[in-house]
Amino acid sequence: MTQPAFTPDRLPRPYDRAAADRLLQHFTEGDAAARAVVALPGGPALLGALGGHSPYLAELAQRAPALLLRLAERGPDEAFDLALTPLHHADPGAARDVVGAMLRRVKRQAALVVAVADLAGLWPLDRITGALSELADGTIDFACAHLLLAAGERGELRVARPANGARPDPKAIAKGSGLSVLGMGKLGGRELNYSSDVDLMVLYDPLAAATNPDRAAACYVRLARDLVRLLDERTAEGYVFRTDLRLRPDPAATPLAVSINAAIVYYESMGQNWERAAMIKARPVAGDRALGDHFLREIRPFVWRRHLDFAAVADIHSIKRQIHVHKGAKGAGATIALAGHDVKLGRGGIREIEFTAQVLQLIWGGRDPGLRDPTTLGALAALAAAGRLDRRAAADLADAYVFLRNLEHRLQMVADRQTHRLPEDAAGLARIASFMGFAGGEEFAAAFLGHLGRVERHYESFFETAPSLSVEGPDGAGTGNLVFTGVDDDPGTLATLKRLGFADPASVGAMVRAWHHGRPRATRSERARELLTALMPMLLAAFGRQSNPDQALLRFDMVLTRLPAGVQVLSLLHRNPALLDRVAFLLGAAPQLAEHLARNPAALDGLLTGGGIAPSAADPAAGLPALVKDARHLEEAMDAARRLATARKFEIDAAALEGAIDADTAGELRADLADAAIAALLPRILADFAERYGRVPGGALAVLAMGKLGSREMLPGSDLDLVLLYDHDAEATGSEGGRRSLAPSEYFVRLAPQVVSAITAPGAEGRLWEVDMRLRPSGNKGPVAVRLSTFEHYHMTEAWGWERMALTRARPIAGPPALRRRIAALLRAAITRPGAAETALTDAVAMRQRMLRDLPPEGPWDLKAMPGGLIEVEFVAQALQLRHAAENPKILATSTRLALARLREAGLLPAEEAAALIRADQLWRTVIGLVRLTHGKSRDPALPAPAAAALLRATAPLLPAPAVDLAGLRTQMAETAEVVRTIFERRIGTLGMGAGA
C-alpha cells in the first residue's frame, strides 16, 4: 500500500469529539474496506475531521468506505474519475428512475471525494470548484441526453441513438438536437460551491430537430421542466443539484426554454447591465455545445461594449444595494460583523469581490479581450496585469476570495445546506473555526474580519465614493444657489453663475433648464436627469474655470444634443470629477476636438484612458490586434480598427493639447497606431481576397510607409503616405485555390485597392486615415501596387532627387518579414547608389524653389511651407543624408531629429547648427500640431485665448526664453525661421531672390 493521500497534521482536529468517535467506531466495526480506512496512518484523523464537524460528510463516508480507501491509495484525481465513471458508461436510454438514482449516486460519491480533497489540503480552491463544476456538467449533460432520447421516442425530436453495442455518448446524442443548456453564474465560471444550486439557461433552435417546428416550443419547454425535476427532486437517494432557470431573458414573461433568436433579440434590444455581468461567465454545459457557442458569439457585442462602460458601475452597484435590502441584510451583512454575517452577500463578502472584478471587466473588456476571464481569480489577475486594478488591491481581494470561498464550503459541508451565513451562537462559530483549521475562535475572528475589512475598503473606494455637491467658485466661496426648476430665472442662481465666471448667466440658465426638461434626447430619462442634478455644481464650476466659459458650455450643449442617450456619459462624468476639468478645457480650447466630441460622444471614454498618456506611454494600439483577430469577418475587423483608432487618435491629440506629451511622443504614438492598424488588418484583407481569388505562388504584399508616417512624426490629421509593393515566384502564371484565377499582375492590382479601401472607407466611427499614394513611381497614375523589381529599377535608374530624399523616411510596416527585409535593403541601396550624392544638394535647392513658387504658405500659421519652416529643416536632413550616406551609412535615420543628430556625430553638421535645427524641428511641429487642434486652417493670425495659452505653455521649453504672449512667440518664431534659412543656404544652397524671405 502506498503512502496515504492525507496526513493528520493537515486535517482539522474534530470539534465534536463524541461524533468523531462514533464515526470511527462505525468504521472499526464495518466491512473490510471500512476497517482498512481505520488502519491507514491518516485514517482516524480523516474520520475525526469528517465526523467531528459534519453529520452530512459522516453519512457520505459511511456509505462509501471503498471510495475513501481508493482515494487514500490512488489520490483524489483517480477517486474522482472513478466516482464519475457511470456518466461515461451508463445507458442514457434507461428508465427515468434508474437514471435518477444513478445521477444521485454519482453526486454523493463525487461530493465525498471533493470534500476530503479539500479538507486534507490535496486540492487548491480552483481544482475544488472546478471538480464540482465538472460534476455538474456531467450530470446535466447525461440528464439532457436521457430527456432527448425520450423526446425522440415520443416522436417530437429527431435524435440519433447510439448504435447497438456502441458506447453511449451524451454529447453525440445532443449534437444537432436543437437544445443547448448554458451554465451561468458559478457553474458557468467553473467556480461552483459545495452545496450550490446551478443557474441554467435553456435555449433551443426550433428548426434544428423538431419533427413539427410549430410544436417545438412546447417540446423544449417540457424538456426544460423535466430537466429541473430530474436534477432537483429529492428521493431516497438524495438530489443531484438544485436548479435555477431565472437567469433566462425576462423570466417573468418567458417560458422555461427560450428560442435562440428570441434570446438574441432580447439582449440586443432590452438587455440590462446586470445581465451583461451574468453573461461574462456563461458557457455551454450540456446539449448541443456548438449551438450554445453560436449564441454567445452573437450576443458578444451586447456583453462587451465597444466603448468604456462606466454607466455599468452605478447600475451594478445599485443591484448590490438591492441585494442588501431584499435579503434583509441588516442582520446578515449590512455592516461587518462575525456572528450571523453573510459571507457571500454581506459587506466585505464574496459578492463585493465578484462585482469589483465583473464591473472592471465590463468597463475595459470591450477593448481588451485579455480581460474576459470568467473566473474571479483569473479576472483579478488579468485586471492587475493590465493596470486596470491596483496590484495590492487585487492581491487583497484574491486572498479574501480564497479564504471566504473555503469558509463558504465549510458552512455548507456541515449539513449540505446552501447557506452563506455564519452561525449566530458561540458553539456554532467555534465549530466553523475548528472546521477551518483554527486553534481558537479569536484567531478565526481576526482572520475573517481582517479579510472583510480589506475587501470593504477596496470596494468602497471603487463603488461608493461620491463627489461632494459643494463646489467652490473662483473667490473661494461656495457656489450658492443653483436652481433650474420652473420657467423663470432664480436671482440667486444668476448671481452664482456670474460669480463662477459666466458672462451671460441668463442664457446659461435657459440652457440648463432645457437639459432638465429633457429637450436633448440624452436627458429624457429619469435616471439621466437625476445624474444631471447631482453633477450640475461640479459641471458649472469646471466650465467656469475656462477662459470663455459660455462658449465652452455651449459646445458641451452640442455634445449633449448629439448623444443618443445620456446616462452612460453623465455617469462617467459623475464618477470621475477630474474628467470634467479635462472636458471643459478641451471644449474651451479646441474647436476641432470639441467638434469631434460632438460627433463622437463616446470619445469621452478616451479622455479617461488618455489621461495616463505620458512620454513613456504604452503601445497606443494595445488590444487592437486581438480585436481585429477576434472579429468574425473583415467588415467587423475594420469596424473594430476604426473604433479603437478613432478613440486613440483623440486621446493622443487631447494629451498633446494638455501638455501631457510633447510633439515627438505624440508623433510616434500616432505612427505606432497606424502601423499596428495596418499590420493587423492586412492579413484579414489578404485572407478575404484569397477566398475569392486564391493565392499567387510565392506571392506577398507589403506596405511601405513614407512621409510623416515613415518618419514617425505624424501631426494631428496627417494622412498616410503609402506605397504597396508585391512580389511572387517568377514561374507563377496565376492564382490558385480560389473561385477564380487571376494572372499575378492582375491579382495584386485588384488586391491593392482593397487594402487602401480598408484604411480609407468610412464607417460609423469615420475612417481610419486618408491615404496619399503619390509617392509611388507612377504617382497618381498607373497601378496602385508596384512590383518590387519595378520599384527597384525606377529608384536605381529613373527617380528624381526629391523622390530619393523621400526614401530617407521610408519604412516597411506590414507584410511578411522576408519581403520587408528585402525592401529595407533596396531602400538603402537606392539612397546610397552611385550618382545620388553628386546631385543631392542641387536637387534639394531646385525642389525647394519650385515649392516656394508654386505652393506658397496658406496663412500666418503655415509653418511647414513658410521660408525657414519645417520643410527646410527636413530638406537639410534629407539632402545631407543623400550626399554622405554612401561613404557613411550610419547617418541614415527616418526621423528628422535623429538624422540631424547622426550628421552631427559624424562631423557632417556643426553641433550648434544641428542643435538649432533640432529645436526648430520640434518647435514647428509643436506649433503646427496645436494650431491644427485649436485653430484649424483659419488664416486669422489671432488665436483664441485657450489656444494661445496652450501654445505658450507647450513652446516654453523650446525657446531661449519663454514667450509671455503671442506677439513675443511670433518674434522668436521669426528669429528661428531666419536661423533655419541661414543654415539651409549655408549647407544646401542659395535659394535666390524669388524664394521668399
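In this text the structure is predicted, and so the values were computed from the model without any measurement.
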N/O donor to acceptor pairs below 3.5 angstrom from side-chain atoms of residues 959-977, sequence neighbours left out:
from : atom 1 : to   : atom 2 : distance (Å)
D965 : OD1    : A967 : N      : 3.4
D965 : OD1    : G968 : N      : 2.7
R970 : NH2    : P860 : O      : 3.2
T971 : OG1    : A967 : O      : 3.0
Q972 : NE2    : A961 : O      : 2.6
T976 : OG1    : Q972 : O      : 2.9

Electrostatic pair E874-R809, nearest N-O below 4.0 angstrom: yes
Verdict with supporting geometry, L724 and V756, side chain to side chain contact (heavy atoms under 4.5 Å, CB included): CA-CA 9 Å; L724 302 182; V756 176; 4.1 Å; yes
Sidechain-backbone polar pair: R904 side chain, A914 backbone, donor-acceptor under 3.5 Å: no
Partner set under ring pair (Phe, Tyr, Trp, His ring centres under 6.0 Å) for Y726, not counting sequence neighbours: F748
Pair Q881, H884: side-chain N/O donor-acceptor within cut-off below 3.5 Å: no
For F791, ring pair (Phe, Tyr, Trp, His ring centres under 6.0 Å) partners two or more places apart: H795
Donor-acceptor contact below 3.5 Å, side chain R804 vs main chain A837: no
Side chain Q546, main chain G588, donor-acceptor under 3.5 Å: no
G989 to V845 - nearest heavy-atom pair and separation: CA-CG2, 3.6 Å
Residues forming a salt bridge (charged side-chain N to carboxylate O under 4.0 Å, His left out) with R787, sequence neighbours excluded: D727
Salt bridge flag under 4.0 Å for residues D653 and R670: yes
Pairs under 3.5 angstrom only: tabulate donor-acceptor contacts from the side chains of residues 827-835 to other protein residues two or more places apart or in another chain.
from : atom 1 : to   : atom 2 : distance (Å)
T832 : OG1    : R828 : O      : 2.7

Lys/Arg N to Asp/Glu carboxylate O, R897 vs E668, below 4.0 Å: yes
Summary of side-chain hydrogen bond (donor to acceptor under 3.5 Å, both in side chains) pairs that have at least one residue in residues 918-932, sequence neighbours excluded: D664-Q922, D664-R925, D921-R925
Any donor-acceptor N/O pair, D550 side chain to A503 backbone, under 3.5 Å: yes
Contact summary for M638 and A758, nearest pair of heavy atoms: CE-CA, 3.7 Å
